[in-house]
Amino acid sequence: MTSAEAQQLTPVSKIAPPNGRYRWVICSLLFAVTAINYVDRQMIGVLKPVLASDLHWTEIDYANVVFWFQAAYAIGYIGFGRFVDVVGARVGYAVAFAIWTAAHIAHGAVNSITQFAMARFALGIGESGNFPVAIRAVTEWFPARERAFAIGVFNAGANVGAIVTPLLVPWLVALYGGNWRPAFVITGVVSLVWLVAWVILYRSPAKHARVSPEELAWIEQDPADPTTPMRWRDIIRFRETWAYAAAKFCIDPVWWFYLFWLPGYLGERYHLDLKSFGPPLVVVYLMSDVGSVVGGWLSGRMMKAGWSVNAARKTTMLICACAILPIFAVQSIDNLWTAVFIIGLATAGHQAFSANLYTLPSDLFPRSAVGSVIGIGGAIGGVGGMLFSLYIGRVLQELGSYAPIFLVAAAAYFAALLIVQMLSPRLARVSIAPV
C-alpha cells in the first residue's frame with residue numbers, strides 16, 4: 001500500500017473540536033460575498049424580458065451576451081487561481097471584488113448590446129475570482145473533515161443571491177418607473193460594505209488575534225503539506241487535475257443554464273411576468289440552499305463514521321446525480337409547482353454535487369496548488385458553459401423547446417462522476433517529487 005492510499009484509510013483525527021469558532025466568521029464572510037456575486041450575476045436573467053424589449057435582443061443575441069461573460073469567466077478563473085496562490089486570499093478577494101463591482105455598476109450606463117456584452121465581459125473577469133479565492137480561504141481555515149461542509153455553507157450564498165434577486169430587482173425597477181439602470185448602480189454601491197469588512201476581518205489563522213491556540217490546532221490537524229512548490233507543468237500532468245476539470249466541464253454549463261435561462265423558461269412555459277416569477281424562483285433556490293449544505297454535511301458525516309474520502313465523496317455525488325435525473329421530463333409537466341419542485345430538486349442536487357466536487361482539489365493537492373487547480377477547472381467549466389450557451393440559443397431560436405436542454409442537464413452529473421472515477425479511482429493525494 002502506498003503512503004497516499006494509507007492516508008485515505010487513516011481514521012479521522014481524535015482532536016476534540018475547539019471552543020473557538022472564528023473560522024465560521026470567515027465562512028460567513030464567504031457566504032455573504034457569494035450571495036453578492038450571484039445577485040450581480042443573475043440580474044441579467046431576471047431582467048431578460050425587460051432588456052430584450054429595450055435593447056431588441058433575440059434568443060441568439062442573449063446567448064451571445066452570456067457567451068462573452070462566460071469567456072471572460074474562463075479566462076479570469078485560471079488567472080485568479082494562480083493569482084491567489086501567489087498573493088493569498090485577503091488580497092485576492094479584494095482585487096476580484098473591486099473589479100466585478102465596478103463592472104456591475106457600469107451596466108447602468110450601457111446603451112447597446114455591444115456595450116452590454118463589454119460590461120458582462122468585465123464582470124466575468126472579476127467574478128471569476130470568487131470561487132478560487134473562497135476555496136483557498138476554506139483550505140486555510142478548515143481541516144479536511146470540515147471543508148465540504150464549509151464549502152456547502154458558503155456556496156449556499158449563491159442560492160441566497162438567487163433568491164434575493166427576483167424579489168429585489170423587480171421592486172427596484174418598479175421604484176424607478178420601469179427603468180432598469182438604477183438597479184445595477186444601487187446594488188453595486190451597497191455591496192461595497194462587504195469589501196470594508198473583508199479587509200478589516202481577514203487574516204491567516206496563524207496570524208489572527210481572534211483565533212485561540214485550541215482552534216488553531218484544530219485547523220492545522222491534517223498532515224503538513226509538502227514544502228515543495230508546484231509548477232504549472234507539474235499540476236497539469238496529474239490525472240487528478242483533469243478529473244476535476246472535466247467534471248466541471250460537464251456540470252457548470254447546467255448551472256449557468258438555470259441561472260440565466262430559468263426565469264425566462266418559467267415566464268414562457270407558465271405565463272409568468274417580472275413580478276410573478278419571483279416566488280417560484282425563491283422556492284427553487286431555497287431548495288438549492290438545503291442541497292448545498294446537506295451535500296457537504298453528508299460526505300463529512302460519512303467520513304466521521306469511518307468512510308474513506310473516496311467513498312464518502314463519490315457516494316454523495318452519486319446520490320445527487322440520481323436526485324437530478326427527473327429534470328429530463330420537466331418540460332412535459334403542466335402544473336407550475338410540480339415543475340418547480342423537480343427543478344428545485346435538480347438545483348439542490350447540483351449544489352450538493354458541487355460542494356463535494358469543489359472539495360476534491362484540497363483533498364488531492366497541497367495547499368499551494370489548490371487555487372491553480374480550481375482555476376484550471378473553472379476555466380474548463382467556463383468553456384463548457386460558452387459552448388452550451390451557444391447550443392441553448394440555437395435550440396431555442398430554431399426549435400422553441402427546452403426539452404433537449406433538460407435532457408443534457410439530466411445526464412451531465414452521471415458523466416461527471418464517471419470521469420472522476422476513471423481518472424481518480426481512489427482519490428489518492430498526488431505524490432510530489434522533489435524539484
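Formation of a donor-acceptor pair under 3.5 Å by the T359 side chain with backbone atoms of A355 is found in this model. Between the side chain of N64 and the backbone N or O of I60, at least one donor-acceptor pair lies under 3.5 Å. Of the possible donor and acceptor atoms, one in the side chain of W242 sits under 3.5 Å from a partner among the backbone N and O of I236. D40 contributes no side-chain N or O that, together with a main-chain N or O of H104, makes up a donor-acceptor pair within less than 3.5 Å. No donor-acceptor pair under 3.5 Å is formed between the side chain of S292 and the backbone N or O of S288.
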Evaluate the side chain to side chain contact (heavy atoms under 4.5 Å, CB included) criterion for residues I163 and D289: first the C-alpha distance (whole Å), next the side-chain angles of each, then the deciding distance (0.1 Å), finally the verdict. CA-CA 10 Å; I163 290 167; D289 256 336; 4.0 Å; yes
Before you tell me yes or no, could you show the steps for W255 and Q351 under side chain to side chain contact (heavy atoms under 4.5 Å, CB included), namely the whole-Å CA-CA distance, both residues' side-chain angles and the distance that decides it to 0.1 Å? CA-CA 9 Å; W255 185 249; Q351 292 293 59; 3.7 Å; yes
Can you list the steps and then say if L30 with F131 is a side chain to side chain contact (heavy atoms under 4.5 Å, CB included)? CA-CA 9 Å; L30 302 179; F131 284 97; over 6 Å; no
Does the pair V284 and Y258 meet the rule for a side chain to side chain contact (heavy atoms under 4.5 Å, CB included), with working shown? CA-CA 10 Å; V284 166; Y258 294 140; over 6 Å; no
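Of the N and O atoms on the side chains of T58 and D61, at least one donor lies less than 3.5 Å from an acceptor on the other residue. The closest side-chain donor-acceptor pair between Y38 and R41 falls under 3.5 angstrom. A side-chain N or O of S299 and one of N356 form a donor-acceptor pair less than 3.5 Å apart.
When the shell of 6.0 Å around OH of Y270 is examined, it contains more than 12 heavy atoms from other residues, nucleotides or ligands. Within a 6.0 Å radius of CZ in R269, other residues, nucleotides and ligands contribute more than 12 heavy atoms. For W180, the CH2 atom counts as densely surrounded, since its 6.0 Å shell holds more than 12 non-hydrogen atoms of other residues, nucleotides or ligands. More than 12 heavy atoms of other residues, nucleotides or ligands lie within 6.0 Å of CE in M302, so this atom counts as buried by the packing criterion. Atom CZ of F414 sits in a crowded spot, with more than 12 heavy atoms from other residues, nucleotides or ligands closer than 6.0 Å.
The shortest non-hydrogen separation linking I235 to A369 is CD1-CB, 4.1 Å. Nearest heavy atom pair, residue W337 against residue N335, reads N-OD1, 3.1 Å. For L29 against W194, the heavy-atom pair with the smallest separation is O-NE1, 3.0 Å.
Aromatic pair F116/W57: centroids less than 6.0 angstrom apart. In this structure, F97 has its ring center under 6.0 Å from that of W100. Aromatic ring centres of W256 and F67: separated by at least 6.0 Å. Side-chain rings of F154 and F142 stay apart, their centers remaining 6.0 Å or farther from each other.
Taking CD1 of I251 as the reference point, atom CD1 of I324 lies at 8.0 Å (rounded to 0.5 Å). For the atom pair CG of L123 and CD1 of I105, the computed distance is 11.0 Å after rounding to the nearest 0.5 Å. Taken from CH2 in W24 to CD in E146, the straight-line distance is 5.0 Å, to the nearest 0.5 Å. Atom OG of residue S362 and atom CD1 of residue I135 lie 8.0 Å apart, to the nearest 0.5 angstrom. Remark: Q70 CD to F260 CZ distance equals 6.0 Å, nearest 0.5 Å. How far CG of L423 is from OG1 of T241: 10.5 Å, rounded to the nearest 0.5 Å.
Taking the six-membered ring where the residue is Trp, Y244 and Y358 present tilted rings, their angle falling between 30° and 60°. Under the 30°/60° scheme for interplanar angles, the aromatic rings of Y73 and Y77 are found to stand perpendicular. Ring geometry for Y413 versus H350: interplanar angle over 60°, hence perpendicular rather than tilted (30 to 60°). In this structure, F257 and F388 have perpendicular ring planes: the angle between them is above 60°, well past the 30° mark.
You'll find the side chain of L318 stays beyond 4.5 Å of the side chain of T315, heavy atoms only. The shortest side-chain heavy-atom distance between V66 and Y62 falls under the 4.5 Å cut-off. I342 has its side chain out of reach of F406: every pair of non-hydrogen atoms, C-beta onward, lies at least 4.5 Å apart.
E140 and R203 are not joined by a salt bridge, as no carboxylate oxygen comes within less than 4.0 angstrom of a charged side-chain nitrogen.
Each of I376, V373, I374 was checked for a side chain to side chain contact (heavy atoms under 4.5 Å, CB included) with P132, and the lone residue meeting it is I374. Each of I333, L281, T338, V330 was scored for a side chain to side chain contact (heavy atoms under 4.5 Å, CB included) with I343, with one residue passing: V330.
Cation-pi geometry between R90 and Y202 is not met at under 6.0 angstrom from the ring centre and within 45 degrees of the axis.
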